[in-house]
Amino acid sequence: MKKSILVAITFALICFLRTESVRGQALEDMEQAEIAKALPQSEFFQEEASAASESDGVPMAIGIESDNGRLNQGSEVSELVQDFADERSRAETKEDGVPDDTVGEWDPWESFNEKTFSFNRQVDRFVLKPAAKAYNAALPDLIRGGIANMFDNLDVTRRLVNNVLQLKFGGAGQELARFAINSTVGVAGLFDVAGHLFDIAKSDRDTGQTLGIYGIGNGPYLVLPFLHPFTIRDFVGFLFDEAMYPLDYFIPIGAIIGMTGTETISDRAATIDRFEGVEDSVVDLYGSVRNAYFQRRAADLKK
C-alpha cells in the first residue's frame with residue numbers, strides 16, 4: 001500500500017515538473033524573441049544609427065544628442081522589458097480565462113479529461129446512482145446518518161494533521177474534542193454528539209489545501225477514472241490524505257475495498273437529490289464542473 005502511494009506520488013510530481021519546465025522554457029524563449037525583435041526598433045537604436053552615419057564632420061550638438069541617448073539606454077531598455085512583462089501577464093490571465101491567478105483554469109490535458117469525465121458520468125448513471133437509490137430505499141435515515149458519521153469520525157487524522165500544518169490550532173483542538181466525544185459518547189462515531197449537543201463544528205482541512213497555503217500552485221487540471229476532479233497539487237494531496245487513513249494499516253485489503261465502496265455509495269446517496277436534473281440543464285457540463293472546482297478550491301485557501 002505504501003509503496004503504491006509513493007510510486008503514484010513520484011509519477012505525479014515528474015509529470016508536473018516536466019510540464020512546468022516545458023511551459024516555462026517556451027515562455028522564456030518567447031520573451032527573449034520579443035525583446036530582441038523590439039529593441040532594434042526603439043528610438044535609442046535609431047539615434048545611434050543616425051549618429052554613426054554622420055560621425056565624420058558632425059556638429060557638437062549631434063555629439064551631445066548621442067551622449068544623451070547613451071544616458072537613456074538603461075531606462076529605455078528597462079521600460080521595454082517591463083512593457084513586455086505586462087503584456088505577457090495580461091496574455092496569461094486571458095489564457096486562463098479568469099482575472100485571479102489563484103483560480104486559473106489550466107487544462108492542458110482537456111481531451112483526456114473530457115473522455116474520462118464522460119466515462120465517470122456513465123459509471124455514475126448506470127452503477128453508482130442506482131446503488132445509491134437502493135441504499136436510500138433499504139436503510140432508514142437514522143442508520144444512513146450513523147454510517148456517514150462513522151466514516152467522518154475515522155477521517156479525523158487528515159483534518160487534525162492539516163489543521164496543525166496550517167497553524168489552525170483552534171481547528172486542531174476542535175477535531176480532537178470531536179473525536180474524543182463522538183468515539184465515546186457517540187458510540188464509535190455513529191452519532192455526532194459533539195456537533196449536536198456541544199456545538200463543536202468540524203474543521204475540514206486537507207493536504208492539497210495545505211500545499212496551496214504554502215505557495216504550491218494548482219498545476220494542470222486532471223480527471224481520473226472513478227475519482228472526483230483534481231489538480232496535480234490536489235492529487236498529490238489526495239494521496240497523502242489516503243495514506244493518513246488509520247484503518248488502512250490494520251485491516252485486510254478486501255475490507256478496505258468494501259469500506260471504500262460503502263463510503264462512496266453513502267456519499268452519493270446523501271447528494272442524490274442535489275444534482276437531479278443538472279446534467280440536462282447545463283450545456284457545457286464539463287466546463288461548468290471544472291470552473292466550480294477551481295472556484296471552490298480557491299475559496300478553500302481563503303478560509
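We count residues from 1, following the sequence as given.
In this structure, the separation between CD1 on Ile213 and CG on Leu165 is 10.0 Å, given to the nearest 0.5 Å. The distance from the CD1 atom of Ile256 to the CE atom of Met259 is 8.5 Å, given to the nearest 0.5 Å. Rounding to the nearest 0.5 Å places NZ of Lys202 at 10.5 Å from CG of Asn153. Note that NE2 of His228 is 5.5 Å distant from CZ of Phe238, once rounded to the nearest 0.5 Å. Atoms OH and CD1, from Tyr135 and Ile143 in turn, are 9.0 Å apart once rounded to the nearest 0.5 Å. With values rounded to the nearest 0.5 angstrom, Ser266 atom OG is found 6.5 Å from Ile147 atom CD1.
Inspection of the Gln166 and Thr210 side chains reveals an N or O donor paired with an N or O acceptor under 3.5 Å.
The cluster map of Ile, Leu, Val, Met, Phe, Trp and Tyr, joined by side-chain heavy atoms under 4.5 Å apart, puts Ile232 and Leu224 in the same cluster. Under a hydrophobic clustering in which Ile, Leu, Val, Met, Phe, Trp and Tyr are joined whenever their side-chain heavy atoms come within less than 4.5 Å, directly or via other members, Phe119 and Leu285 fall into different clusters. In the hydrophobic clustering of this structure, Val161 does not group with Leu167; members are Ile, Leu, Val, Met, Phe, Trp, Tyr whose side-chain heavy atoms approach within less than 4.5 Å, directly or through other members. Both Ile265 and Leu190 are members of a single hydrophobic cluster when ILVMFWY side chains are connected at heavy-atom separations under 4.5 Å.
When all heavy atoms of Phe151 and Thr262 are compared, the closest pair comes out as CE1-CG2, 4.0 Å. Of all heavy-atom pairs between Gln209 and Leu301, the closest is O-CD2, 3.4 Å. When all heavy atoms are compared, the tightest approach of Val282 to Ser288 is CG1-OG, 3.3 Å. Taking every heavy atom of both residues into account, Pro130 and Arg125 meet most closely at CD-O, 3.3 Å. Among all heavy-atom pairs drawn from Thr264 and Leu128, the shortest one is CG2-CD1, 3.9 Å.
Looking at Asn113 and Arg290, their side chains never come closer than 4.5 Å, going by heavy atoms from C-beta outward. When side chains are defined from C-beta on, Tyr245 does not count as touching Thr157, because their heavy atoms never get closer than 4.5 Å. Side-chain contact check for Arg178 versus Asp192: some heavy-atom pair is nearer than 4.5 Å. With contacts defined as side-chain heavy-atom distances shorter than 4.5 Å, the pair Asn149/Asn182 does not qualify. Side chains of Gln174 and Asn163 form no contact here, defined as non-hydrogen atoms less than 4.5 Å apart. Considering only heavy atoms from C-beta on, Glu242 stays 4.5 Å or farther from Thr260 through its side chain.
Atom CG of Asp199 has 12 or fewer neighbouring heavy atoms from other residues, nucleotides or ligands inside a 6.0 Å radius.
Using a 4.0 Å cut-off between a side-chain N of Lys or Arg and a carboxylate O of Asp or Glu, Arg159 and Asp152 qualify as a salt bridge. Residues Arg158 and Asp204 are paired through a salt bridge, judged by an N-O separation under 4.0 Å between the basic side chain and the carboxylate.
Not a single salt bridge (charged side-chain N to carboxylate O under 4.0 Å, His left out) links Asp241 to another residue, sequence neighbours left out. Partners of Asn136 by side chain to side chain contact (heavy atoms under 4.5 Å, CB included), not counting sequence neighbours, listed by chain and number: Arg144, Ala269, Ile272.
Between Tyr293 and Phe230, the ring center distance fails the sub-6.0 Å criterion.
Just one of Phe112, Phe294, Phe235, Phe117 meets the ring pair (Phe, Tyr, Trp, His ring centres under 6.0 Å) condition when paired with Tyr221; it is Phe294. Residue Glu105 forms a side-chain hydrogen bond (donor to acceptor under 3.5 Å, both in side chains) with just one option from Asn218, Asn291, Thr231, and that option is Asn291.
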